[in-house]
J.: 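I have a structure here, written as structure tokens, and I will follow up with some questions on it.
These numbers come from a predicted model, not from an experiment. All chains are named by letter (A, B, ...) in the order of the sequence lines, taking the proteins before the strands, and each is independently numbered beginning at 1.
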There are 2 protein chains.
Amino acid sequence: MLKHLTQLADDHTAVLADMFKLLGDPSRLKIVIALLDGPLSVGSIAERLSLSPSLVSHHLRLLRAARIASHERRGRQMLYSVHDHHIRCVIEDMVEHVTEGAD
Amino acid sequence: MLKHLTQLADDHTAVLADMFKLLGDPSRLKIVIALLDGPLSVGSIAERLSLSPSLVSHHLRLLRAARIASHERRGRQMLYSVHDHHIRCVIEDMVEHVTEGAD
DNA sequence: CCAACATATAAACACCTATTCATATATCGA
DNA sequence: TCGATATATGAATAGGTGTTTATATGTTGG
């Protein structure tokens with residue numbers, strides 16, 4: 001178990017940073033937040049967020065590679081979901097940080 | 001109060017994304033993690049992480065602007081600290097996501 | 001005031017990445 | 001199988017960004 005964050009090895013922090021970087025793009029963050037509400041197809045995400053299906057697909061591939069999103073085929077479409085609940089915690093904590101910061 | 005993350009306006013998610021983007025750089029993330037252990041001067045951060053003081057100063061300016069870090073003068077050096085506790089939560093949650101993902 | 005130290009700032013560069021456009025793959029209905 | 005739909009992939013590009021180098025600002029002690 002990890003007691004102090006300072007014990008993190010360099011390559012671990014690199015992986016961590018990669019995760020944060022993925023959430024650091026507005027389009028991708030919106031996609032993740034949309035997925036938190038429940039599984040969605042590529043097309044419905046694109047429509048909701050006014051993004052091209054191609055762009056959404058690109059982003060989803062990265063999110064999948066980082067285990068942030070998972071996918072499952074449903075007919076001719078792909079249903080994407082958020083892989084685990086920690087992502088929701090991460091985002092909610094950051095929302096609190098931002099809203100508290102607003103004086 | 002915010003019930004669902006999907007209620008976030010576009011400009012709010014943009015601010016959120018900016019926060020994540022800041023943690024998305026390895027050097028900056030290491031700086032933040034180092035600061036979680038307690039206040040540090042620019043020079044000591046640079047020494048600890050083997051980064052140039054100039055680079056550390058650059059990053060700290062961005063972290064300050066995002067209210068992730070705060071600073072206070074102590075003699076001729078500046079003591080930097082993490083602004084609030086949510087940042088620690090965010091990072092710890094992400095650590096859990098990453099370590100769980102490793103099968 | 002002056003030298004030494006600590007931090008900040010500015011410009012420049014190399015690298016990365018988000019987006020678009022075009023094309024490919026895959027699934028279903030007829 | 002064929003056309004239509006849904007998603008994925010590849011190349012190309014424009015804009016952004018981390019890092020370095022050089023210089024400036026500010027603080028302490030003499």
Side-chain angles (χ1 to χ4, degrees), chain A residues 10-11 13-35 38-82, chain B residues 10-11 13-35 38-82:
Chain A
D10 263 28
D11 49 343
T13 62
V15 175
L16 259 193
D18 281 339
M19 292 290 172
F20 284 123
K21 193 183 296 180
L22 284 175
L23 299 183
D25 176 73
S27 304
R28 230 153 29 211
L29 181 59
K30 281 186 241 171
I31 292 175
V32 173
I33 290 177
L35 289 181
L40 287 173
S41 70
V42 178
S44 56
I45 297 173
E47 194 179 10
R48 261 208 208 190
L49 307 179
S50 303
L51 300 175
S52 78
S54 172
L55 178 57
V56 173
S57 180
H58 274 295
H59 284 315
L60 285 171
R61 189 166 64 92
L62 298 177
L63 293 173
R64 245 174 37 204
R67 298 168 195 266
I68 291 178
S70 57
H71 69 317
E72 163 195 14
R73 183 170 283 283
R74 177 71 66 110
R76 15 182 151 180
Q77 47 196 8
M78 287 289 197
L79 277 194
Y80 277 82
S81 342
V82 175
Chain B
D10 264 28
D11 48 344
T13 61
V15 175
L16 258 194
D18 281 339
M19 291 291 172
F20 285 122
K21 191 181 299 178
L22 283 175
L23 299 183
D25 174 72
S27 303
R28 230 151 31 209
L29 180 60
K30 280 187 242 171
I31 291 175
V32 173
I33 290 177
L35 288 181
L40 287 174
S41 69
V42 178
S44 57
I45 297 173
E47 194 179 9
R48 261 208 209 192
L49 308 178
S50 303
L51 301 175
S52 77
S54 172
L55 178 57
V56 173
S57 180
H58 274 296
H59 285 316
L60 286 172
R61 189 164 65 90
L62 299 177
L63 294 173
R64 245 171 37 201
R67 297 170 196 265
I68 291 178
S70 56
H71 68 318
E72 163 197 12
R73 185 169 281 283
R74 178 71 65 113
R76 23 181 147 178
Q77 47 195 10
M78 287 289 197
L79 277 194
Y80 278 83
S81 341
V82 175

J.: Whole angstrom is fine here: how far is it from CE in A/Met78 over to C1' in D/dT5?
T.: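 One finds 14 Å between C1' of D/dT5 and CE of A/Met78, rounded.
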J.: Could you tell me whether the side chains of B/Ser54 and B/Ser57 share a donor-acceptor contact shorter than 3.5 Å?
T.: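 On atom types as modelled, these side chains do not qualify, holding no pair under 3.5 Å.
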J.: Would you say D/dA8 has OP1 or OP2 under 4.0 Å from some side-chain N or O of A/Tyr80?
T.: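 For D/dA8, OP1 or OP2 has a side-chain N or O of A/Tyr80 closer than 4.0 Å.
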J.: Under 4.0 Å between a side-chain N/O of B/Arg73 and OP1 or OP2 of D/dT27, yes or no?
T.: yes
J.: Give a yes/no answer on whether the side chain of A/Ser41 brings an N or O atom under 4.0 Å of OP1 or OP2 in D/dT7.
T.: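 Looking at the OP1 and OP2 atoms of D/dT7, one of them is under 4.0 Å from a side-chain N or O of A/Ser41.
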J.: In Å, rounded to the nearest 0.5 Å, how long is the span from OG1 of A/Thr13 to CG of B/Leu49?
T.: 9.5 Å
J.: Take the protein atom CG of A/Leu40 and the nucleotide atom P of D/dA6, then report the distance between them rounded to whole Å.
T.: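 Value for this atom pair: 15 Å.
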J.: Does B/Lys21 place a side-chain N or O at less than 4.0 Å from the phosphate oxygens OP1/OP2 of D/dT17?
T.: yes
J.: If I take atom CG in residue B/Asp25 and atom C1' in nucleotide C/dT17, what distance separates them, rounded to the nearest angstrom?
T.: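 Interatomic distance, CG of B/Asp25 to C1' of C/dT17: 14 Å.
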J.: To the closest 0.5 Å, what do you measure between OG (B/Ser41) and CG (B/Leu60)?
T.: 10.0 Å
J.: At what distance, to the nearest 0.5 angstrom, does CZ of B/Arg28 lie from NZ of B/Lys21?
T.: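 Separation between the atoms: 9.5 Å.
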J.: So, is A/Arg28 close to the C/dA18 phosphate, meaning a side-chain N or O under 4.0 Å from OP1 or OP2?
T.: yes
J.: For A/Gln77 and D/dT7, give me the distance from atom CD to atom C1', rounded to whole Å.
T.: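 Nearest whole value for this atom pair: 10 Å.
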J.: Looking at C/dA18, I'd like to know if its phosphate oxygens (OP1 or OP2) sit under 4.0 Å from a side-chain N or O belonging to A/Ser27.
T.: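 False: A/Ser27 side-chain N/O out of range (4.0 Å or more) of C/dA18 OP1/OP2.
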J.: Starting at CG of B/Leu49 and ending at C1' of D/dT19, how long is that distance when rounded to a whole Å?
T.: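 Distance check: B/Leu49 CG to D/dT19 C1' gives 15 Å.
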J.: Send over the distance from A/Arg74 CZ to D/dT7 P, rounded to a whole Å.
T.: 13 Å
J.: A/Arg76 has a side chain; which of C/dC5, C/dG29, D/dA8 sits nearest to it?
T.: C/dG29
J.: Within this structure, what is the CG-CG distance for the pair A/Leu23 and B/Leu16, rounded to the nearest 0.5 Å?
T.: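 A/Leu23 atom CG to B/Leu16 atom CG measures 9.5 Å (nearest 0.5 Å).
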J.: Which of these passes side-chain hydrogen bond (donor to acceptor under 3.5 Å, both in side chains) with B/Tyr80: B/His71, B/Glu72, B/Arg64?
T.: B/Arg64
J.: Expressed in angstrom and rounded to an integer, what is the separation of A/Glu47 atom CD from D/dT5 atom P?
T.: 15 Å
J.: In whole angstrom, give the distance that lies between atom CD of B/Glu72 and atom C1' of C/dA6.
T.: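 Whole-Å distance recorded here is 16 Å.
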J.: Let's see if you get this right: which residues in residues 51-66 of chain A place a heavy atom under 4.0 Å from DNA chain C?
T.: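 Going residue by residue through residues 51-66 of chain A, the ones with a heavy atom under 4.0 Å of DNA chain C turn out to be A/Ser54, A/Leu55, A/His58, A/His59.
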J.: At what distance, to the nearest 0.5 angstrom, does CG of A/Leu79 lie from CG of A/Leu40?
T.: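 Going from the CG atom of A/Leu79 to the CG atom of A/Leu40 covers 8.0 Å.
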